Amino acid sequence: MNRPSLWEALRGVVRRDLLLAMRRRSDVAMSVFFLVIVASLFPLGVGPEPAVLRTIGAGVLWVAALLACLLSLGRVFTADYLDGVLEQMVLIAQPLPVLVVGKVFAHWIVSGLPVVLLSPLLGLQFGLDGEALGVLVLSLLLGTPTLSMIGAIGAALVLGVRGSGLLVALLVLPLYVPVLIFGAGAVTSSMAGMGGEANLSLLGACLVLSLFFSPWATAAALRIALE
Amino acid sequence: MLQTVALSCRRGDRRLFSDLNITVQPGTLLAVVGENGSGKTSLLRMLTSLLSPEEGAILWQGQDIREQREQYCAQLTYIGHLNGIKDDLTAMENLSLSASLVGDHCDGPAAHAALEAVGLRRQAHQLPTKVLSQGQKRRVALARLWLSARTLWLLDEPFTSLDTAATGLVTEQLHAHLKRGGIAVVVTHQEVGLPSSIVQRLRMNG
Amino acid sequence: MNWSKYSAPLAFYPLAGKMIPWFSVVAALAIAVGLYIGLLVAPTDATQHDSYRIIFVHVPAAWMSMFLYVVMAIWAGIGMGLNARLSFMMAQAIAPTGAMFTFIALVTGCMWGKPTWGTYWVWDARLTSELILLFQYAGVMLLRTSIDDLRRADRASGVLALVGVVNIPIIYFSVQWWNTLHQGASVSMTAAPKMAAIMLTAMLLMTFGFWMYSIAVILARVRCVILERESQPAWSNPSAAPEVAEAR
């Protein structure tokens with residue numbers, strides 16, 4: 001029987017998406033560029049006082065990261081839906097939720113990881129120092145995969161729907177609230193000398209929960225979209 | 001053996017067909033013909049398990065496909081009216097990725113052979129498919145048939161935008177598949193050039 | 001009596017019609033008595049004077065908003081599990097009522113906040129969660145209206161409602177956590193430590209009234225949805241049996 005092993009199928013999904021991202025590097029550059037611009041706009045809006053920037057820094061960077069993730073959600077499934085690759089993926093003889101994890105992982109490598117890597121630099125713009133920067137990177141490292149996992153549900157739900165770009169934002173943003181709170185909270189509480197551990201472990205819990213639930217919901221949404 | 005039992009389909013407010021009973025035996029081809037909007041594609045998507053029937057069931061080897069989705073998927077090759085290929089990847093990459101993803105055996109020489117069998121010359125193998133013509137893209141998608149050793153082939157308008165030569169090649173490949181005891185369901189608006197003894201026609205009148 | 005036959009929308013239609021007046025009357029009575037006790041009989045609060053009386057609307061509305069979201073998600077879940085059209089219709093009918101109660105809870109919360117906190121909006125944990133709940137209702141309803149195919153709209157908004165249900169407790173917890181981190185313990189809506197029995201009675205009566213009102217309104221809306229969906233348009237082709245030409 002012609003059946004790929006689970007690992008083969010998973011690796012194939014990730015490999016194709018990474019290969020495609022390599023071919024279209026401008027897409028990746030765009031979301032990074034977006035993050036930098038948004039983060040740089042805030043000081044222009046609220047003024048250059050270092051004290052103010054330090055207080056809002058964590059929140060601003062987290063919101064910017066969240067928006068960058070939101071903007072890239074359209075890329076997870078839309079192209080595959082339009083060119084028929086998605087229906088072929090659904091017909092692979094392996095559990096769809098696992099393949100969804102592969103898709104989301106590839107998406108995170110392309111759009112989430114650059115944000116994490118860039119964040120210390122942006123943190124410096126806001127006057128965050130040593131420990132706070134470390135906590136910021138760690139919080140984004142735990143939080144951005146969760147954003148991708150939750151976002152994938154929304155991206156799958158709005159496939160082929162008119163005005164899907166705006167709609168996905170409306171569906172997904174309320175669900176992002178806990179991640180934002182814990183993520184930004186980790187940085188602020190470490191700056192206040194309380195340590196970010198509690199928030200970071202909560203972020204980790206969110207990641208585990210989303211890894212557990214969201215692939216099922218995304219798979220269900222994909223099947224619904226393809227009917 | 002592929003069977004539909006009292007199958008019915010509704011899209012939106014429209015009932016496309018109801019109480020459809022067909023049986024496709026190994027070694028035969030079911031040609032689904034009919035005007036646009038008569039439910040041909042819906043029927044084919046139901047057979048792939050992408051679309052779930054409103055009423056009735058589809059049986060594969062006597063068992064409902066909803067109860068054996070993964071085993072069933074492992075035995076079918078579906079080529080829809082969308083090609084399922086990526087514009088930014090080359091013909092080779094597209095073919096080998098899509099074949100290996102579904103678990104068909106595919107190394108470099110096999111992929112080249114398949115692309116040549118469907119009439120794509122060597123020079124085209126390493127080009128991104130976005131520079132290929134519609135007909136050539138369709139050929140890249142159909143090349144999977146040369147790598148597929150699966151029993152059930154479900155094809156949606158396979159001959160669209162193909163020239164006469166390519167149509168002939170695909171028809172030959174279909175014939176070989178049926179001779180091996182395979183089953184095929186082909187949605188088409190043109191005649192399939194196969195002996196009528198192994199072709200069953202289903203006319204859908206919307 | 002065979003209840004299962006009422007799971008067919010067209011059989012449910014007349015039953016719903018018969019039930020609506022009863023629920024409406026009970027709702028009107030309960031709300032009238034509840035308001036009477038709450039506004040006239042219950043004693044004036046020592047610190048908040050008469051402004052506290054808005055809780056007789058606010059708290060029941062907030063309870064209903066959360067309760068209805070869960071009920072909506074359950075109907076959607078049943079719909080997906082059993083492929084039952086009526087369940088999806090119920091879910092569709094519940095959403096606007098739930099959103100309305102969420103909105104009422106928010107507005108009355110603001111009205112209560114002005115005399116108590118001196119400002120209309122405070123990022124109180126409960127108010128903030130209620131706001132996010134409103135967004136979630138909006139998301140479910142927007143998703144439904146943006147999808148043309150009814151079957152897909154039902155299922156997609158169902159998935160979203162279920163995802164939302166998993167999220168509501170997490171959101172509530174996170175907002176509370178965030179709130180204590182930033183403000184210390186804030187004044188919450190139910191500040192009164194011991195509620196007088198008379199106040200509790202009024203509040204429960206109001207809740208009961210809102211509940212009955214919801215049932216009446218939702219049944220009425222479900223009837224509209226059934227009419228809208230089950231009337232077969234004239235152009236639909238009842239049966240186009242394909243002909244099979246055996247050529248073996």
Side-chain angles (χ1 to χ4, degrees), chain A residues 55 59 146 149-154 156-190 192 194 196 198-199 202-203 205-206 209-210 212-214 216-227, chain C residues 69 73 76-77 79-81 83 88 99 102 123 125 128-184:
Chain A
T55 353
T146 318
M149 293 303 295
I150 299 173
I153 307 176
L157 282 174
V158 302
L159 276 179
V161 172
R162 62 196 127 80
S164 62
L166 204 52
L167 186 58
V168 75
L170 295 175
L171 303 188
V172 161
L173 283 177
L175 305 178
Y176 277 175
V177 168
V179 184
L180 173 67
I181 288 176
F182 297 141
V187 187
T188 12
S189 62
S190 98
M194 291 186 284
N199 277 298
L202 285 169
L203 268 182
C206 285
L209 263 181
S210 71
F212 190 74
F213 282 113
S214 106
W216 297 98
T218 311
L222 286 178
R223 286 197 202 279
I224 293 166
L226 284 173
E227 277 215 333
Chain C
Y69 194 94
M80 279 191 281
N83 200 10
F88 285 122
T102 319
W123 290 94
T128 313
S129 324
E130 199 70 15
L131 182 66
I132 293 164
L133 185 67
L134 185 65
F135 295 155
Q136 291 204 18
Y137 271 119
V140 172
M141 290 193 287
L142 275 173
L143 183 62
R144 171 182 292 286
T145 50
S146 333
I147 302 177
D148 296 323
D149 182 62
L150 274 180
R151 188 179 145 84
R152 195 186 153 191
D154 277 341
R155 284 158 184 271
S157 55
V159 168
L160 187 66
L162 286 171
V163 171
V165 150
V166 177
N167 252 275
I168 283 178
I170 305 176
I171 289 175
Y172 184 73
F173 169 71
S174 67
V175 171
Q176 207 153 30
W177 176 269
W178 163 78
N179 199 258
T180 47
L181 186 76
H182 285 263
Q183 303 189 336

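The sequence lines fix the lettering, A, B, ..., with proteins before strands; numbering per chain opens at 1. These numbers were taken from a predicted model, which means no experiment stands behind them.
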Please look at [X] and chain C and tell me whether the side chain, the backbone, both or neither of the residue comes under 4.5 angstrom of a heavy atom of that chain.
X	result
I150(A)	neither
L226(A)	neither
V158(A)	both
L167(A)	side chain
A205(A)	neither
L209(A)	side chain

[atom2] on [Y] to [atom1] on [X], rounded to 0.5 Å:
X	Y	atom1	atom2	value
R155(C)	E227(A)	CZ	CD	6.0 Å
I171(C)	L175(A)	CD1	CG	6.0 Å
S164(A)	I147(C)	OG	CD1	10.5 Å

State, with a plain yes or no, whether a side-chain heavy atom of [X] is found less than 4.5 Å away from one of [Y].
X	Y	answer
R151(C)	I224(A)	no
L157(A)	R152(C)	no
V163(C)	F213(A)	no
V177(A)	T128(C)	no
N167(C)	P178(A)	yes

Pick whichever of A156(A), A225(A), S214(A) has the most heavy-atom pairs under 4.5 Å with chain C. A225(A)

For chain A, find which of D149(C), L160(C), L142(C) contributes the most heavy-atom pairs closer than 4.5 angstrom. L160(C)

Minimum heavy-atom distance [X]-[Y], with the two atoms named:
X	Y	value
R162(A)	T145(C)	NH2-O, 3.9 Å
G139(C)	L171(A)	O-CD2, 3.4 Å
I181(A)	S174(C)	CG2-O, 3.6 Å

